[in-house]
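To keep things clear, I will list the structure first and then write my remarks on it.
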There are 2 protein chains.
Amino acid sequence: MWKTGGAHAAEAWTLLLELLLAERGRLPAIAATLRLSPAQCHVLHLLEPGRPVSMRRIADALACDASNVTGIVDRLEARGLLQRRVVAHDRRLRVIVVTRRGAAARARLLARLAAPPPPIARLSRAEQRALCTLLRRAFAPT
Amino acid sequence: MWKTGGAHAAEAWTLLLELLLAERGRLPAIAATLRLSPAQCHVLHLLEPGRPVSMRRIADALACDASNVTGIVDRLEARGLLQRRVVAHDRRLRVIVVTRRGAAARARLLARLAAPPPPIARLSRAEQRALCTLLRRAFAPT
DNA sequence: GCACATGCTTGAGGTTGTCAAGTATCGGCA
DNA sequence: TGCCGATACTTGACAACCTCAAGCATGTGC
């Protein structure tokens, strides 16, 4: 006990893990309503409209092999949700951009993901605000 | 805005989702050190030693089809980490219990999962304690 | 006893994930 | 200039996960 982050850090993270595992089924379920797979949703989530991203960066974000991204992008491109493009300064790169249809699908996806699960929704308004503040601090660069 | 849980609930959940997606690679990585897959880890996580669980309940917890559980349990059983058993009162059921080896693997798994990711570890001790309190409240039955 | 529901398994088919190998391009260096 | 190693992506082989439909064994209600 009382190691790196202290016992409270470990307990907080463990509770968050429980939340994650309990909500594990939500992403596939939401994905299914959009006829997407979880991985495809993750890629779409990354692709802010108008902000091209290389496949290398996508593979890093998904924490998986680059060869994997090829297939996922293949299927999304076949459905007209995104496009591969080449950039002049480095012809090895394939840069990915969402199409208009892709952006619409992404917006629907984000809207459905935003609905908080019961444990969060159950908190009082003040507690929710406190949780927000804490999480913003956790992500702040310092 | 200001719908079901309030705007703060949605923002808090969105921040948590970011954390989840960012930490998405951790479970596979930890799983790999134990030569397990993420789904196998999830099953092991459920199986408190001495507490048999039916495959039906496992499928519900994983939010997936029952036929899926058959394969996952097959592989874990083949490695001696758990056992199928039948119970007298309902011979349709297959009840799963971890073996001694399975319990040891589970303990290692839980220990590695407990290490909090950077955003949580970065919080001050007081903030971590506050986060803990909030999350405990979120999971409390009311 | 019969119809129906439930728990599990099997098989087909698609997606995700790994690894190894191959192609194209870039950058540095003689 | 020309070569060499690194980098970005693709392809192919294979394992795991996941869903659906079908089938078998067992329980439950009429």
Side-chain angles (χ1 to χ4, degrees), chain A residues 21 24-46 52-79 81-97 109, chain B residues 21 23-46 52-79 81-97:
Chain A
L21 293 176
R24 184 181 188 270
R26 264 171 54 108
L27 180 55
I30 291 175
T33 69
L34 297 168
R35 301 185 181 279
L36 293 168
S37 72
Q40 288 167 354
C41 285
H42 197 171
V43 168
L44 217 46
H45 175 84
L46 287 176
V53 179
S54 75
M55 301 191 58
R56 176 71 256 153
R57 279 172 115 56
I58 294 178
D60 289 341
L62 294 233
C64 71
D65 195 273
S67 67
N68 208 351
V69 178
T70 298
I72 299 172
V73 166
D74 278 350
R75 288 169 209 115
L76 288 172
E77 190 172 28
R79 288 180 47 186
L81 299 180
L82 50 78
Q83 275 187 346
R84 281 171 165 92
R85 290 200 190 142
V86 291
V87 283
H89 75 280
D90 189 340
R91 299 161 56 81
R92 291 172 302 179
L93 296 181
R94 300 301 152 96
V95 155
I96 309 299
V97 285
L109 172 64
Chain B
L21 292 176
E23 296 300 315
R24 184 182 189 272
R26 263 172 53 111
L27 179 55
I30 291 174
T33 68
L34 297 169
R35 300 185 182 280
L36 293 168
S37 72
Q40 288 167 354
C41 286
H42 197 172
V43 168
L44 218 47
H45 175 82
L46 288 176
V53 179
S54 75
M55 300 191 58
R56 176 70 255 158
R57 277 170 121 49
I58 294 178
D60 289 341
L62 296 231
C64 73
D65 195 273
S67 67
N68 206 354
V69 178
T70 298
I72 299 173
V73 166
D74 277 350
R75 288 168 208 115
L76 288 171
E77 190 172 29
R79 288 179 49 186
L81 299 181
L82 50 78
Q83 274 187 346
R84 281 171 166 93
R85 289 199 191 145
V86 291
V87 284
H89 75 281
D90 188 340
R91 297 160 57 81
R92 291 173 303 182
L93 295 180
R94 302 299 153 95
V95 154
I96 309 299
V97 284

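Here is the naming used below: chain letters follow the sequence lines, and residue numbers restart at 1 for every chain.
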Nearest-Å distance, [atom1] ([X]) to [atom2] ([N])?
X: B/Leu36; N: C/dT18; atom1: CG; atom2: P; value: 16 Å
X: A/Arg79; N: C/dG14; atom1: CZ; atom2: P; value: 15 Å
X: B/Ile96; N: C/dC8; atom1: CD1; atom2: P; value: 8 Å
X: B/Asp60; N: C/dC8; atom1: CG; atom2: C1'; value: 13 Å
X: A/Asp74; N: D/dC9; atom1: CG; atom2: C1'; value: 11 Å
X: A/Arg57; N: D/dC9; atom1: CZ; atom2: P; value: 11 Å

Answer yes or no: is there a side-chain heavy-atom contact under 4.5 Å between [X] and [Y]?
X: B/Leu27; Y: B/Cys41; result: yes
X: A/Leu34; Y: A/Leu109; result: yes
X: A/Leu82; Y: A/Val97; result: no
X: A/Leu44; Y: A/Leu36; result: yes
X: A/Arg91; Y: A/Val86; result: no
X: B/Arg85; Y: B/Arg94; result: no

Task: Rounded (10°) bend between the five-pair end axes of the helix from C/dG1-D/dC30 to C/dA30-D/dT1 - done: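 Inter-axis angle at the termini of the helix from C/dG1-D/dC30 to C/dA30-D/dT1: 10°.
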
Open item on the list: Between A/Val53 and A/Leu46, does the side-chain contact (heavy atoms from CB on, under 4.5 Å) criterion hold? Intermediate values first, please.
Closed with: CA-CA 8 Å; A/Val53 179; A/Leu46 287 176; 5.7 Å; no

Open item on the list: If I take atom CD1 from residue B/Ile96 and atom CD from residue B/Glu77, how far apart are they, to the nearest 0.5 angstrom?
Closed with: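 Here the interatomic distance stands at 7.0 Å.
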
Open item on the list: I'd like to compare against my own output: the B/S/- annotation of nucleotides 13-23 of chain D with a strict under-4.0 Å heavy-atom distance to protein.
Closed with: ---SSBBB---

Task: Atom CZ of A/Arg56: over 12 foreign heavy atoms under 6.0 Å - done: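 Enclosed.
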
- [ ] Take A/Val95 and A/Arg84 through the side-chain contact (heavy atoms from CB on, under 4.5 Å) test and state the conclusion after the steps.
- [x] CA-CA 6 Å; A/Val95 155; A/Arg84 281 171 165 92; over 6 Å; no

- [ ] Give the intermediate values and the outcome of salt bridge (charged side-chain N to carboxylate O under 4.0 Å, His left out) for residues A/Asp74 and A/Arg79.
- [x] CA-CA 9 Å; A/Asp74 278 350; A/Arg79 288 180 47 186; over 6 Å; no

Open item on the list: Can you list, in residue-number order, the parts of residues 83-93 of chain B that come under 4.0 Å of DNA chain C, counting heavy atoms only?
Closed with: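 The stretch gives B/Arg84, B/Arg92, B/Leu93 as the residues lying under 4.0 Å from the strand, ordered by number.
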
